[in-house]
Amino acid sequence: MDWFSDSDDARIDFAATLTGWYEHHKRDLPWRHTRNPYFIWLSEVILQQTRVIQGRPYYERFVAAYPTVQSLADADERDLLRLWQGLGYYSRARNMHKTAKYIAGELAGRFPESYAELLKMPGIGTYTAAAIASFAFDEKVAVVDGNVYRVLARVFGIEEDITTTTAKKTFSTLANRLIQQSDNPATYNQAIMEFGAIQCTPVSPDCLLCPLQQQCRAYLTGKQRMLPVKSKKTAVRERFFNYIVIRQGDRLALKERTQKDIWQHLYDFCLIETEEPMEAFRELPTGNVLNWVLQEGILKGLSDERTHILSHQKIRAKFWLVEVPEGRKVELPDGLTFCEQSETERLPKPILVVDYLKSLRF
DNA sequence: AATACGGGGGG
DNA sequence: CCCCCAGTATT
């Protein structure tokens, strides 16, 4: 199917309309005041799967903590993850670290300057490579993110399922033809994404004030709500976490998550996962940890219970607080280590654990 | 081609 | 309570 059965003028109009709209409606964001590829990269990785409102304070903190790619390369990975805490998808931070070390070490601190070179870096995929290449180096390569899928699907009435490989190809090809009509690819890429974020929103887009209203297939056919088409639904797995929170004085027993699971390289408490919710401590599966608790600890009861939602998992967590009398010398089970309050604060932790800790100290 | 990977917002 | 959103790497 050819999305350009209309005249060339219509295509030029699309790009010009978007950039015109952008100049009047764009938000003032810190990463829009720089051409430094390092800062642009930082902002783009933070904004992967993340809304501007959530990512912005993280960007400010990262720029302050790591003002150069060299400083990021030199960073302790735990500090990096701690700064990332609460953003989710923690492999982004670890991939950023890998790439920073590669650039500092192998490329003499010189940032890759083309889409093709950027794409080779860990954590930089098609979207981020296009964003950096266009924003920092004016390369004419189209960004294709969720906003772009939505805007193009609606304006051009594309009903392909965006989760399929062929649809991705369709949208990418269209986006890259459209950007040819712009003499400022950086601004055009920003414009179409900002338009998707502010005007052509996923739910209740502002069609009445839309500059593309009369050219928009979705508006003209009343199909805004149906587009873009996305078939996949994520199956949510329910999990039951039983945290044994071992406390001695103001020290807490923590452990790094090293297994292949969520929250890799973050820290949490002694965890016993069960297939079913456990109502009482004595129902927990017996093992080293339970024996240890009965031997060395004093169960203070179930101190808290909460549900933590991830996109693909629903975690029902219980926290069993266990006190060890102060002064008693004990060997912790299960690879746990006692941490002072200040150490605990400095370690990267899942939000579930952070929230629990807040309730623990009042 | 399918799945794993966090967290947050709105109705 | 339900719904929605969004890139990359791995399998």
Side-chain angles (χ1 to χ4, degrees), chain A residues 40-58 81-99 115 118-132 142-153 160-169 171-172 175 189 192-194 196-198 200-206 224-239 241 257 259-268 306-315 317 348-355:
Chain A
I40 291 169
W41 171 55
L42 207 49
S43 71
E44 290 303 337
V45 174
I46 287 172
L47 293 174
Q48 288 168 7
Q49 308 294 88
T50 304
R51 286 177 164 69
V52 166
I53 184 74
Q54 189 195 2
R56 180 175 177 159
Y58 285 86
L81 284 169
R82 177 59 183 81
L83 207 51
W84 199 267
Q85 179 177 290
L87 262 185
Y89 290 123
Y90 296 93
S91 63
R92 287 184 289 172
R94 289 165 46 78
N95 280 330
M96 256 196 347
H97 199 205
K98 269 190 221 164
T99 291
Y115 175 82
L118 287 159
L119 206 47
K120 297 177 183 171
M121 302 295 123
I124 298 186
T126 54
Y127 165 75
T128 306
I132 300 170
V143 292
V144 184
D145 74 341
N147 293 301
V148 174
Y149 282 129
R150 191 167 55 255
V151 172
L152 295 184
E160 285 180 62
D161 179 349
I162 64 170
T163 62
T164 65
T165 308
T166 54
K168 285 176 172 58
K169 175 79 178 150
F171 282 89
S172 172
N189 273 339
I192 189 169
M193 291 193 290
E194 189 77 338
I198 291 178
C200 193
T201 51
V203 181
S204 44
D206 192 4
Q224 302 96 312
R225 216 173 50 87
M226 324 293 301
L227 295 172
V229 175
K230 220 181 327 181
S231 68
K232 287 217 172 50
K233 49 215 164 205
T234 47
V236 178
R237 178 165 66 112
E238 194 165 29
R239 300 177 72 177
F241 282 13
R257 294 178 59 84
Q259 67 279 40
K260 211 176 114 185
D261 194 2
I262 55 172
W263 304 327
Q264 258 204 312
H265 302 287
L266 273 61
Y267 288 76
D268 63 0
R306 54 187 77 208
T307 303
H308 189 76
I309 309 285
L310 284 57
S311 55
H312 52 304
Q313 297 182 19
K314 183 173 189 171
I315 296 166
K349 302 166 291 294
I351 286 301
L352 173 64
V353 170
V354 173
D355 286 347

Calculate the interatomic distance between His312(A) atom NE2 and dA4(B) atom P; express it in whole Å.
7 Å

Regarding Thr50(A), tell me which of base, sugar-phosphate or nothing describes its non-hydrogen contacts under 4.0 Å with the strands shown.
base

Does Ile53(A) reach a base, just sugar-phosphate, or nothing at all? Heavy atoms under 4.0 Å.
nothing

Please check if the number of heavy atoms outside Arg306(A) that lie under 6.0 Å from its CZ is greater than 12.
yes

For Arg94(A) and dC5(B), give me the distance from atom CZ to atom C1', rounded to whole Å.
13 Å

In this structure, how many angstroms lie between the C1' atom of dC5(B) and the CD atom of Gln264(A), rounded?
10 Å

Donor-acceptor check, side chain of Thr50(A) to backbone of Gln48(A), threshold 3.5 angstrom: yes or no?
yes

For the pair made of CE in Met193(A) and C1' in dG7(C), what is the distance, rounded to whole Å?
12 Å

At less than 4.0 Å, is any side-chain N or O atom of Trp263(A) found next to OP1 or OP2 of dG7(B)? Yes or no.
yes

Under 4.0 angstrom between Lys168(A) side-chain N/O and dG7(C) OP1 or OP2:
no

Does a nitrogen or oxygen in the side chain of Tyr90(A) sit under 4.0 Å from OP1 or OP2 of dG7(B)?
yes

Does any N or O in the side chain of Lys168(A) come within less than 3.5 Å of the main-chain N or O of Ile162(A), such that one atom is a donor and the other an acceptor?
yes

To the side chain of Ile351(A), which of dG7(C), dG7(B), dA4(B) is closest?
dG7(B)

Taking the side chain of Asp145(A) as its heavy atoms from C-beta onward, which of dC5(B), dC5(C), dG7(C) lies nearest to it?
dG7(C)

dA1(B) phosphate, OP1 or OP2: any side-chain N/O from Thr165(A) under 4.0 angstrom?
yes

By nearest atom, which of the nucleotides dG7(B), dC5(C), dC5(B) is closest to the Gln54(A) side chain?
dG7(B)

d(CG, Asn95(A); C1', dT8(C)) in whole Å:
8 Å

Looking only at side-chain N and O atoms, does Lys260(A) come under 4.0 Å of OP1 or OP2 in dT11(C)?
yes

By nearest nucleotide on DNA chain C, pick out whichever of Arg51(A) and Thr126(A) is the more 5' one.
Arg51(A)

Could you say whether Tyr127(A) or Pro202(A) is positioned toward the 5' end of DNA chain C, judged by the nucleotide with the nearest heavy atom to each?
Pro202(A)

Is there a donor on the side chain of Gln49(A) or the base of dG7(C) sitting less than 3.5 Å from an acceptor on the other?
yes

Ile124(A) side chain near Trp41(A) side chain, heavy-atom distance below 4.5 Å
yes

If only side-chain N and O atoms count, and only distance matters, is there a donor-acceptor pair under 3.5 Å linking Asn147(A) with Arg150(A)?
yes

